[in-house]
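Quantities reported herein were computed from a predicted structural model and do not represent experimental measurements. Position 1 is the first residue of the sequence; numbering continues from there.
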Amino acid sequence: MKTFELVGTPRSEFGKKAAKALRKEELIPCNLYGLGENVTFSVAKEDVRKLIYTPDTLVVALTLGDVKKMAVVKELQVHPISENILHIDFLEVNEKKPVTVEIPVQLIGHAEGVKAGGKLSLEMRKLKVNGIFTNIPERVVVDVTSLGLGKKLAVSDIKVENCKLMNVQDACVAQVKATRASAAAAETAE
């Protein structure tokens, strides 16, 4: 996984009033949970833009004063109307304790069912993966070359090295759906 550098400022005031005051100054209140004691801090809105608005899952190298910690984004609260980031929760990670994160799915290859007139559909854009953060890949790469018309690829068909998939095993990740054109071609062939 790629690493993202982020500098935070520890904060001592808590509650709604303090959070509102931070947001007025273009800062985002944050919490770091995990291995030691929980830490509350704030970060600049502009500093987290490239962390939040990316399809990749990133490990965050947090610098809080003179302390450095590694973390992943655990939860993100967004305003329902303005879509401003209200709050970020981080989870501290290390090389001994596994962590569960969502990583994007990337399809490669040209499916046989698409050649027959079907349409390839990606049903799950992200998969939950559990493992040591240094072993978690940037994305799950799935080869769909052998996927025929009307066939699907389930979570149980996908293997991620040194990690465990946490999604329901029979959930559909990708499938080739029959189209009207492929159904008409099958009827004329008969």
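For E46, the side-chain hydrogen bond (donor to acceptor under 3.5 Å, both in side chains) partners at least two apart in sequence or on another chain are R49. D143 is linked by a side-chain hydrogen bond (donor to acceptor under 3.5 Å, both in side chains) to T145, counting only residues two or more places apart in sequence or in another chain. Take K45 and apply the salt bridge (charged side-chain N to carboxylate O under 4.0 Å, His left out) test, not counting sequence neighbours, and it matches E26. Residues forming a side chain to side chain contact (heavy atoms under 4.5 Å, CB included) with A154 (at least two apart in sequence, or on another chain): S156, D157. Partners of R139 according to the side-chain hydrogen bond (donor to acceptor under 3.5 Å, both in side chains) rule, which considers only residues two or more places apart in sequence or in another chain, are D56. With sequence neighbours excluded, no residue forms a side-chain hydrogen bond (donor to acceptor under 3.5 Å, both in side chains) with N135. With sequence neighbours excluded, the residues satisfying salt bridge (charged side-chain N to carboxylate O under 4.0 Å, His left out) with K69 are E92. Listed by chain and number, the residues in a side chain to side chain contact (heavy atoms under 4.5 Å, CB included) with A171 are M124, V155, V168 (sequence neighbours excluded). Partners of T3 according to the side chain to side chain contact (heavy atoms under 4.5 Å, CB included) rule, which considers only residues two or more places apart in sequence or in another chain, are E5, A61, M70. Residues passing the side chain to side chain contact (heavy atoms under 4.5 Å, CB included) test with T9, sequence neighbours excluded: S42.
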Considering only distance and modelled atom types, tabulate donor-acceptor pairs under 3.5 Å from the side chains of residues 102-121, sequence neighbours left out.
| unit_1 | atom_1 | unit_2 | atom_2 | d |
| --- | --- | --- | --- | --- |
| S121 | OG | E123 | OE2 | 2.5 |

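Here the CG-OH distance, from N38 to Y33, works out to 6.0 Å after rounding to the nearest 0.5 Å. For the atom pair CG (N130) and OG1 (T100), the distance works out to 3.5 Å, reported to the nearest 0.5 Å.
Hydrophobic clustering, with ILVMFWY side chains joined whenever heavy atoms are under 4.5 angstrom apart, groups L153 together with V160. In terms of hydrophobic clustering, with Ile, Leu, Val, Met, Phe, Trp and Tyr side chains grouped at heavy-atom distances under 4.5 Å, L122 and V129 are assigned to a common cluster. Taking hydrophobic clusters as Ile, Leu, Val, Met, Phe, Trp and Tyr residues chained together by side-chain heavy-atom distances below 4.5 Å, L149 shares a cluster with V142.
V176 approaches G148 most closely through the heavy-atom pair CB-O, 3.4 Å.
Side-chain atoms of L86 and H79, non-hydrogen and from C-beta on, do get closer than 4.5 Å to each other. In this structure, K177 and Q175 have side chains that are in contact, with non-hydrogen atoms separated by less than 4.5 Å. Contact of the V101 side chain with the I136 side chain is registered, since non-hydrogen atoms from C-beta on lie closer than 4.5 Å.
The other members of the hydrophobic cluster of V78, by chain and number, are F4, L6, I28, L32, V39, F41, V43, V48, L51, I52, Y53, L58, V60, L62, L64, V73, L76, I85, I88, F90 (side-chain heavy atoms under 4.5 Å, ILVMFWY only).
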Could you walk me through whether L91 and D89 pass the side chain to side chain contact (heavy atoms under 4.5 Å, CB included) test, one step at a time?
CA-CA 7 Å; L91 179 65; D89 285 337; over 6 Å; no
Would I158 and V140 count as a side chain to side chain contact (heavy atoms under 4.5 Å, CB included) if you check the C-alpha gap in whole Å, the side-chain angles of each, and the deciding distance to 0.1 Å?
CA-CA 9 Å; I158 300 171; V140 177; 3.7 Å; yes
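Residue K126 places its NZ atom among more than 12 non-hydrogen atoms of other residues, nucleotides or ligands, all under 6.0 Å distant.
Between the side chains of T40 and N31, no donor-acceptor pair of N or O atoms lies under 3.5 Å.
Side chain of H87 to main chain of P29: a donor-acceptor pair is present (N/O by atom type, distance under 3.5 Å, no hydrogens or angles). In this structure a side-chain-to-backbone donor-acceptor pair under 3.5 Å is present from N167 to K128.
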